[in-house]
There are 2 protein chains.
Amino acid sequence: MLDQFRDKFPLSKDKWDEYMRYYTRIEVPAHTILLNEGDVSKNAFIIEKGCLRLWFNNNGKDITFQFFFENEAVSSAESFNKSIPSLFTIETIEPCILYRIHKNDMEKILKELNEHPDTKEYLLSIAFERQFHYMKHFLSFIRDTPTQRYINLIKEKPQIIQRIPQHYIASYLGITPVSLSRIRSKLK
Amino acid sequence: MLDQFRDKFPLSKDKWDEYMRYYTRIEVPAHTILLNEGDVSKNAFIIEKGCLRLWFNNNGKDITFQFFFENEAVSSAESFNKSIPSLFTIETIEPCILYRIHKNDMEKILKELNEHPDTKEYLLSIAFERQFHYMKHFLSFIRDTPTQRYINLIKEKPQIIQRIPQHYIASYLGITPVSLSRIRSKLK
DNA sequence: AAGAGACGATAACAAAAGATAATAAATTCA
DNA sequence: TGAATTTATTATCTTTTGTTATCGTCTCTT
């Protein structure tokens with residue numbers, strides 16, 4: 001279930017299996033909060049089944065910042081890495097099967113991994129890709145209208161359209177649920 | 001002039017001076033294009049004096065993505081690092097004094113720096129900070145109204161308000177110049 | 001199975017922003 | 001310095017989006 005991650009790491013199968021023992025398989029119902037905005041994150045997750053969202057409270061309204069699906073790693077990255085209060089709440093949307101790892105255990109893994117010369121390259125490339133991703137996502141906000149952003153979403157992430165409640169998608173697109181509903185009816 | 005960078009690197013003064021020889025001091029007039037959107041970036045810059053912007057063409061309209069001022073390093077990061085076509089044009093706003101380094105020379109420096117165990121940590125922290133920066137900037141786009149974004153800009157980056165032509169600021173805020181002018185008159 | 005609550009569609013109105021054009025102010029530069 | 005160009009403001013009209021409210025449907029929960 002976590003096999004697809006193995007390929008990305010410059011590690012032996014044994015080492016990999018050893019590290020995997022740090023992960024705990026958990027099953028949680030829908031609408032479970034895994035981390036509260038303002039708390040310091042102690043855990044990261046990998047999704048075997050289900051989907052989550054990362055959201056924050058803006059004057060009483062909840063705004064979804066990112067969605068996560070099967071085989072993706074989820075954390076409030078800044079909070080987990082730097083032990084600062086999280087800007088986001090992490091919440092399941094569907095019932096989920098997750099693999100959880102504690103920060104302490106992750107640090108053990110990283111400590112060992114750092115012996116490998118390739119590791120930091122790998123971490124760098126991840127950080128770089130994330131940065132690029134945020135940049136492009138941001139770009140589409142400056143460049144496109146809400147309607148265009150919704151059309152892009154249909155093309156690029158159909159999973160989101162199919163599995164995510166519409167009012168979450170609306171805040172993700174930076175518009176109100178009513179506005180999204182209008183956009184949808186015009187597109188028909 | 002580039003002294004403020006030295007402190008950030010775990011290097012001897014001699015090594016630093018050696019690397020600095022790769023940089024060429026150039027003076028360019030306002031509205032000089034240092035890199036065209038679509039071209040592969042071969043150079044990075046450090047600003048001694050003046051300011052630049054990074055912009056892209058969106059259906060004939062130019063949209064400013066980022067501003068740079070004195071003592072900042074400027075490049076179309078993805079293009080420079082990965083040798084892919086740049087998403088952005090880099091253009092001076094004021095007459096500028098810059099330090100230019102060619103990608104080949106930068107690679108020589110990085111190759112040597114990689115002997116240092118601290119270097120990758122440092123690069124990682126830079127990538128991480130950039131990612132955090134984009135994320136927060138993006139967040140303000142989802143969360144705030146154009147008026148609020150303009151007020152934030154006054155507080156957080158007064159340089160931009162003071163030195164940058166208003167129509168560039170407008171596109172940076174994701175609105176039209178006319179709309180920005182209205183916002184300004186309401187705030188008075 | 002019934003009731004409560006959540007969700008999405010739609011309508012009516014208000015507010016904000018875009019488009020366009022005319023004009024004023026500032027700046028470039030010959 | 002003065003003319004030409006660029007930039008900013010203002011006004012008008014249109015379009016888009018937000019706000020609020022209503023209604024029907026669906027989904028939990030008990």
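A note on names: the letters A, B, ... follow the listed sequences, proteins ahead of strands, and every chain is numbered from 1.
In this model, the phosphate group of D:dT6 is not approached by any side-chain N or O of B:Q166 to a distance below 4.0 Å at OP1 or OP2. For B:H167, no side-chain nitrogen or oxygen approaches OP1 or OP2 of D:dT6 to under 4.0 Å.
Salt-bridge annotation for A:E107 and A:K111: absent, with no side-chain N of the basic residue lying under 4.0 Å from a carboxylate O of the acidic one. Electrostatic pairing of A:K136 and A:E156 does not count as a salt bridge here, judged by no charged N lying under 4.0 Å from a carboxylate O.
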Quiz item: When every nucleotide of nucleotides 25-30 of chain C is labelled 5' to 3' by its protein contacts under 4.0 Å (heavy atoms), B for base, S for sugar-phosphate only, - for none, what sequence of letters results?
Solution: ------
Quiz item: How would nucleotides 15-23 of chain D be written as a contact map, 5' to 3', with B for base contact, S for sugar-phosphate-only contact and - for no contact, using protein heavy atoms under 4.0 Å?
Solution: --BBBB---
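Summarising the local packing, NZ of B:K61 is surrounded by 12 or fewer heavy atoms from other residues, nucleotides or ligands at distances under 6.0 Å.
For the helix from C:dA1-D:dT30 to C:dA30-D:dT1, the end axes, each set by the C1' atoms of five terminal pairs, are bent relative to each other by 50° (nearest 10°).
Among all heavy-atom pairs drawn from B:I169 and B:I164, the shortest one is CD1-O, 3.5 Å.
Ring pair B:F56/B:F88 is perpendicular by interplanar angle, where above 60° counts as perpendicular and below 30° as parallel. Relative orientation of the B:Y134 and B:F65 rings is parallel, given thresholds of 30° and 60° on the angle between their planes.
Linking Ile, Leu, Val, Met, Phe, Trp and Tyr residues whenever their side-chain heavy atoms come within less than 4.5 Å places B:F141 and B:L54 in a single cluster. Hydrophobic clustering, with ILVMFWY side chains joined whenever heavy atoms are under 4.5 angstrom apart, groups B:L34 together with B:F68.
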Practice problem: In sequence, state the C-alpha distance, the side-chain angles, and the governing distance for B:I183 and B:K186, and then conclude on side-chain contact (heavy atoms from CB on, under 4.5 Å). | Solution: CA-CA 5 Å; B:I183 287 170; B:K186 273 183 201 161; 5.9 Å; no
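Across C:dA9, D:dA8, D:dT10, the shortest atom-to-atom separation from the side chain of A:R184 is found for C:dA9.
Without hydrogens or angle criteria, A:D39 side chain to A:L35 main chain gives no donor-acceptor distance under 3.5 Å.
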